[in-house]
There are 2 protein chains.
Amino acid sequence: MREGPDIARIASLVGDPARANMLSALMGGTALTASELALEAGVSLPTASSHLSKLMEGGLLTLASQGRHRYYGLAGPQVAGMIEAITGVAAAVGPQRVRPGPRDAAMRVARVCYDHLAGERAVAMLDRLVARQVLLRDDKVIQLGPSAASHFAAIGIDIHTKARRPVCRACLDWSVRRSHLAGTLGAAILDKILAEKWARREKDSRAVIFSPVGKQAFETTFLA
Amino acid sequence: MREGPDIARIASLVGDPARANMLSALMGGTALTASELALEAGVSLPTASSHLSKLMEGGLLTLASQGRHRYYGLAGPQVAGMIEAITGVAAAVGPQRVRPGPRDAAMRVARVCYDHLAGERAVAMLDRLVARQVLLRDDKVIQLGPSAASHFAAIGIDIHTKARRPVCRACLDWSVRRSHLAGTLGAAILDKILAEKWARREKDSRAVIFSPVGKQAFETTFLA
DNA sequence: CGCATAGTTCGTTCCTCATCGAAGCATCCT
DNA sequence: AGGATGCTTCGATGAGGAACGAACTATGCG
C-alpha cells in the first residue's frame, strides 16, 4: 500500500451524491443549516445529519452553532479548490460522453435548482439586477440594494420573509459556469414566474419552459 | 438534485483505496502496465482489471496497447491537478489527527514503496545521483546519464534488464513531499541494500531499518 | 411550564461494490 | 504448432454503507 496522504478517504467523502450536493451548495460561500443541506441533498434529516458528521470528521466542513441552528461551511479555500478541481474534471470528461439533446438545451436555458431559477436566463437576470444596483455584490455575498424593496414591490414580490435562510445567495451554475441567484429572493422570483404562468415546469424534469408571452414578460421585468 | 457536472461520480472513482493507489502511482508521469498497477494497488489482476475499466470509463486514464501489454496513464494535466488538490487536502486534514510514533518516524526515514526504497534517505539518494549527473532529470522524466552504467557496475548493480518497466521513474514521496526513485533501477538498488544486509525490513511493516554499518555503507555508496 | 422546532441517535433493511478463483482470449516466443 | 505470458470476463461471496422511521435531546417562544 502506498504511503502518504489518504486521498481515497477524502475522495470517498465527496464521492456520494448527497454529500457532493451539500458541498456544491456550500460553494456559494454562505453557511447553510442542516435542514437546508438536507433539502439541497434530497435526503431526509437523519440521513443528512449522518452525512454531515462524516464530512465534519473528515475535516471538510466547519460548524457554527447559533441556538438550535447548526450552520455548516466549507473548511477553507483549499477544500473549495479541491471541489473546483473535481468539478472541472467532471465537466471536462462529462460532456464528451453526453450528447445534449433538445431537453438538455432547455435545461441550459432555464431550470429549477432546488427552489429557484437556474440556467442562462437566471444568470442573465442576476447580472442585470447587479448592474442596476438593485442587488449589490462583492466576491463573497449578494445583498439587497437600497432600491430593492420598492423595485420588487412594483413587480409584486415581497422580499421580507420570516424564513431564516439568507435572502440572497449565489449558486454556481455549471451549465454556464457563472452564478445565479438562490436564497429566499431567488425562490420568490421563481414562485412569481410560475404563478404568472410566464413559464411552466416540464413534466418529470427540472426544465422550465417559457411561453413566448412569458419570455417577453420576463425580459421586460428582469432584463430591461 | 443539483444540476451541473457530476462530481460525486468522479470523486467516487478516486475514493477507493485500490484505485487511489493506482492514480497516485501514475502521478509519476510514466505509463504503467496493468500488472504493475495491480501490484501498486495491492490487489489481484482481475480486481485491478475491473478497477482500470472503471477509471477508463470515467475518463481519468488513457490506454496505449503494445502487443499484449496495456500501458495506462493519467488522462491529462487536469486529472493530475485534481489528484494534487485531493492530496493537498488529505495532507492538510490528515496530520492534524494522526500522532506519528517511533514507527512512523522509521517509516519517514526509509521504507519500501512497492519494490523500491522510499523516505528521506531515498529522496536524498535521488538528489545526489542527479547532482552528480549519474542520473539526468527534467520536469517530466528521469534518465540514465552517460556514466550510469559504469557507476552502478562499480557498485554491483546491473542496470540492464529485460523487464519492460521504465528503468527510472519518479515516485511522489508524501512523507517529505518530494520524489524518490522508482522503476527497475530503484528496485535493483533496494535489492542490493537488502542483499548486502545494510538494512532489513521490519516485520509486519514497510519500514526499512538500517544497521549502523549499513547506514555508513549506504551513505558512502549513494550520498558521497 | 408546555408546546414547537431543529437536529441527533438508534435500529433495521436493502443495495451496491470489492474481492478472487476459474476460465477464456490475445499476443509472443521457441 | 504448442506453451508461456499478459490481461479480461464470469460467477459467487461477503462486507460496508446509505436510507428512513421512531425516539430522543436541546433550544426557543408564548
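Just so we're clear, the structure is a prediction, and the values are computed from it rather than from any experiment. So that the names make sense, note that chain A is the first sequence line, chain B the second, and so on, each numbered from 1.
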Within-4.5 Å side-chain heavy-atom neighbours: A:V14 and A:R19:
no
Got A:I10 and A:M82 here, is their nearest side-chain heavy-atom distance under 4.5 Å?
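Side chain of A:I10 against side chain of A:M82, heavy atoms only: contact under 4.5 Å found.
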Please report, rounded to the nearest Å, how far the [atom2] atom of [N] is from the [atom1] atom of [X].
{"X": "B:H69", "N": "C:dC29", "atom1": "NE2", "atom2": "P", "result": "9 Å"}
{"X": "B:L52", "N": "C:dT19", "atom1": "CG", "atom2": "C1'", "result": "15 Å"}
{"X": "A:N21", "N": "D:dA18", "atom1": "CG", "atom2": "C1'", "result": "14 Å"}
{"X": "A:Q66", "N": "C:dG7", "atom1": "CD", "atom2": "P", "result": "11 Å"}
{"X": "A:M56", "N": "C:dG7", "atom1": "CE", "atom2": "C1'", "result": "14 Å"}
{"X": "A:M22", "N": "C:dG7", "atom1": "CE", "atom2": "P", "result": "12 Å"}
{"X": "A:D16", "N": "D:dG17", "atom1": "CG", "atom2": "P", "result": "11 Å"}
{"X": "A:L32", "N": "C:dA6", "atom1": "CG", "atom2": "C1'", "result": "15 Å"}

Which comes earlier along DNA chain D counting from the 5' end, the contact point of B:S50 or that of A:V43, where each point is its nearest nucleotide?
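Looking at the nearest nucleotide for each, B:S50 comes out on the 5' side.
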For B:W198 and B:F222, take the angle between the two ring planes, folded into 0 to 90°, and tell me which bin it lands in: parallel under 30, tilted 30 to 60, perpendicular over 60.
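The arrangement is perpendicular - the two ring planes meet at more than 60°.
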A:S12 and B:G15: which non-hydrogen atoms are nearest, and at how many Å?
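Scanning both residues, the minimum pair turns out to be CB-O, 3.4 Å.
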Which nucleotide in [options] has an atom nearest any side-chain atom of [X]:
{"X": "B:S49", "options": "C:dT19, D:dT8, D:dG6", "result": "D:dT8"}
{"X": "A:H51", "options": "C:dT8, D:dC7, D:dA18", "result": "D:dA18"}
{"X": "B:L45", "options": "D:dT8, D:dC20, C:dG7", "result": "D:dT8"}

No-hydrogen, no-angle side-chain donor-acceptor test under 3.5 Å, A:T47 and A:S44
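The criterion, which ignores hydrogens and geometry beyond distance, is satisfied for A:S44 and A:T47.
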Any donor-acceptor N/O pair, A:R201 side chain to A:V208 backbone, under 3.5 Å
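Not confirmed, A:R201 side chain does not pair with A:V208 backbone.
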Applying side-chain hydrogen bond (donor to acceptor under 3.5 Å, both in side chains), can you list everything that pairs with A:T62, at least two apart in sequence or on another chain?
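With neighbours one apart ignored, the set is empty.
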With a cut-off of less than 4.0 Å, is there a side-chain N or O of B:K54 near OP1 or OP2 of C:dA18?
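B:K54 to C:dA18 OP1/OP2: side-chain N or O found under 4.0 Å.
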Remember a base hit wins even if backbone is also touched, and classify A:T33 as base, sugar-phosphate or nothing at under 4.0 Å, heavy atoms.
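Answer is sugar-phosphate: A:T33 comes under 4.0 Å of backbone atoms only.
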B/S/- along nucleotides 21-26 of chain C (protein heavy atoms under 4.0 Å) is BB----
